[in-house]
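Have a look at the structure below, then the notes.
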Amino acid sequence: MKTSLHRARVSWSGGEGKDVRAHTIELAGEKIAASSAPEFGGDSDRADPEELFVGSLSSCHMLWFLALARAEKIHVASYEDEAEGTLEGDRFTRVVLRPRVIFTNEIAAEQIEALHHGAHERCFISNSVNCPVEIEPR
């Protein structure tokens, strides 16, 4: 089994202005302005951990989908997802990925379904969470 290490740097220095939850998340040299979710008193103009969680599931699925499509010599013109996570109380109970994929040529529905299934099975993030991650292609 291959092992790899992944890092993130989180910095807080007393908050900024009125938002005492304001902080910065640094990933691969990129800085993301972050806070808690607005319903928990955070700033809606900043990323929150719950959004980042949903985004990481969406990104992981997309990357596997694209890799599997490339391996099958299927050309993807664009990929867009409107992912949504449901937080009930203190835990996520469901995440729904709604990818819209446009191909450069006609692809059978069964092939698309197989790509999504394969991506879901391989996604490291979805394999690590205990809430259902559902795929509803658009």
Side-chain angles (χ1 to χ4, degrees):
M1 175 187 308
K2 184 177 181 179
T3 301
S4 60
L5 186 61
H6 304 269
R7 293 185 171 90
R9 178 182 163 93
V10 176
S11 313
W12 178 84
S13 57
E16 297 175 18
K18 295 179 185 177
D19 185 5
V20 298
R21 295 161 185 84
H23 61 284
T24 302
I25 301 171
E26 192 171 340
L27 307 165
E30 297 290 325
K31 291 186 178 183
I32 301 169
S35 184
S36 58
E39 55 267 31
F40 303 114
D43 182 345
S44 63
D45 291 332
R46 293 171 168 263
D48 62 63
E50 295 79 14
E51 290 173 322
L52 293 167
F53 172 72
V54 173
S56 69
L57 283 162
S58 175
S59 177
C60 186
H61 182 87
M62 179 198 68
L63 291 169
W64 275 110
F65 185 95
L66 295 174
L68 293 171
R70 194 168 31 254
E72 296 287 325
K73 306 230 185 304
I74 296 171
H75 299 281
V76 176
S78 67
Y79 184 110
E80 193 175 279
D81 189 4
E82 296 288 336
E84 188 175 73
T86 303
L87 184 66
E88 291 183 20
D90 63 352
R91 68 183 307 120
F92 276 91
T93 57
R94 177 179 186 226
V95 174
V96 180
L97 307 180
R98 295 186 179 95
R100 181 171 186 255
V101 185
I102 297 174
F103 300 91
T104 58
N105 50 359
E106 195 68 30
I107 304 299
E110 298 80 28
Q111 282 183 292
I112 298 169
E113 185 178 324
L115 289 170
H116 281 300
H117 181 75
H120 182 66
E121 283 187 335
R122 288 167 178 82
C123 174
F124 309 128
I125 311 298
S126 66
N127 285 329
S128 301
V129 302
N130 62 8
C131 69
V133 178
E134 302 166 15
I135 317 300
E136 295 177 358
R138 301 184 284 145

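Remember, it's a predicted structure, so these values are computed and weren't measured experimentally.
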Validation row: [X], [Y] side chains within 4.5 angstrom (heavy atoms):
X: V133; Y: L97; value: yes
X: P99; Y: I135; value: yes
X: I102; Y: Y79; value: no
X: F92; Y: E50; value: yes
X: V101; Y: P137; value: no
X: D48; Y: F40; value: no
X: T24; Y: W12; value: no
X: R46; Y: D19; value: yes

Q | Same apolar cluster: W64 and I112, side chain cutoff 4.5 Å | A |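 W64 does not cluster with I112.
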
Q.
Please determine whether the number of non-hydrogen atoms from other residues, nucleotides or ligands lying under 6.0 Å from atom CZ of R138 exceeds 12.
A.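 Yes, enclosed.
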
Q: Can you establish whether the number of heavy atoms outside E39 located under 6.0 Å from its atom CD is more than 12?
A: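 Counting neighbours around CD of E39, more than 12 heavy atoms of other residues, nucleotides or ligands fall under 6.0 Å, so yes.
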
Q: Name all residues meeting the salt bridge (charged side-chain N to carboxylate O under 4.0 Å, His left out) criterion together with R100; count only those two or more places apart in sequence or in a different chain, and write none if there are none.
A: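 R100: no salt bridge (charged side-chain N to carboxylate O under 4.0 Å, His left out) contacts found.
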
Q | Test salt bridge (charged side-chain N to carboxylate O under 4.0 Å, His left out) applied to E134 - qualifying residues, sequence neighbours left out | A |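 With neighbours one apart ignored, the set is R94.
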
Q: Show the numbers, then the answer: is there a salt bridge (Lys or Arg N to Asp or Glu O under 4.0 Å) between E136 and R98?
A: CA-CA 5 Å; E136 295 177 358; R98 295 186 179 95; 3.3 Å; yes

Look up atom [atom1] in [X] and atom [atom2] in [Y], then write down how far apart they are to the nearest 0.5 Å.
X: L57; Y: H120; atom1: CG; atom2: NE2; value: 9.5 Å
X: I32; Y: E51; atom1: CD1; atom2: CD; value: 10.5 Å
X: T93; Y: L87; atom1: OG1; atom2: CG; value: 7.5 Å
X: F124; Y: L63; atom1: CZ; atom2: CG; value: 10.0 Å
X: H61; Y: I125; atom1: NE2; atom2: CD1; value: 13.5 Å

Q. Can you name the closest pair of heavy atoms from C60 and C123 and give their distance?
A.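 Scanning both residues completely, I find the closest heavy atoms to be SG-SG, 2.6 Å.
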
Q. Minimum heavy-atom separation for V54 to A83, with atom names?
A.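 Of all heavy-atom pairs spanning V54 and A83, the closest is CG1-CB, 3.5 Å.
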
Short side-chain donor-acceptor distance under 3.5 Å, [Y] and [X]:
X: R91; Y: N130; result: yes
X: H117; Y: E121; result: yes
X: S58; Y: D81; result: yes

Q: Verify side chain to side chain contact (heavy atoms under 4.5 Å, CB included) between S11 and R9, making sure each step is shown before the conclusion.
A: CA-CA 7 Å; S11 313; R9 178 182 163 93; 3.7 Å; yes

Q | From CA spacing to verdict: side chain to side chain contact (heavy atoms under 4.5 Å, CB included), D43, K18 | A | CA-CA 9 Å; D43 182 345; K18 295 179 185 177; over 6 Å; no

Q: Would you please indicate yes or no on a ring centroid separation below 6.0 angstrom for F65 and H116?
A: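 Here the rings of F65 and H116 have centres that are less than 6.0 Å from each other.
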
(Q) With side chain to side chain contact (heavy atoms under 4.5 Å, CB included) as the criterion, how do T86 and V95 come out once you've worked through the C-alpha distance, each side chain's angles and the decisive distance to 0.1 Å? (A) CA-CA 6 Å; T86 303; V95 174; over 6 Å; no

Q.
Would the distance check show the side chain of S35 and the main-chain N or O of G42 forming a donor-acceptor pair, the cut-off being under 3.5 Å?
A.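 No, because the side chain of S35 does not come within donor-acceptor range (under 3.5 Å) of the backbone of G42.
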
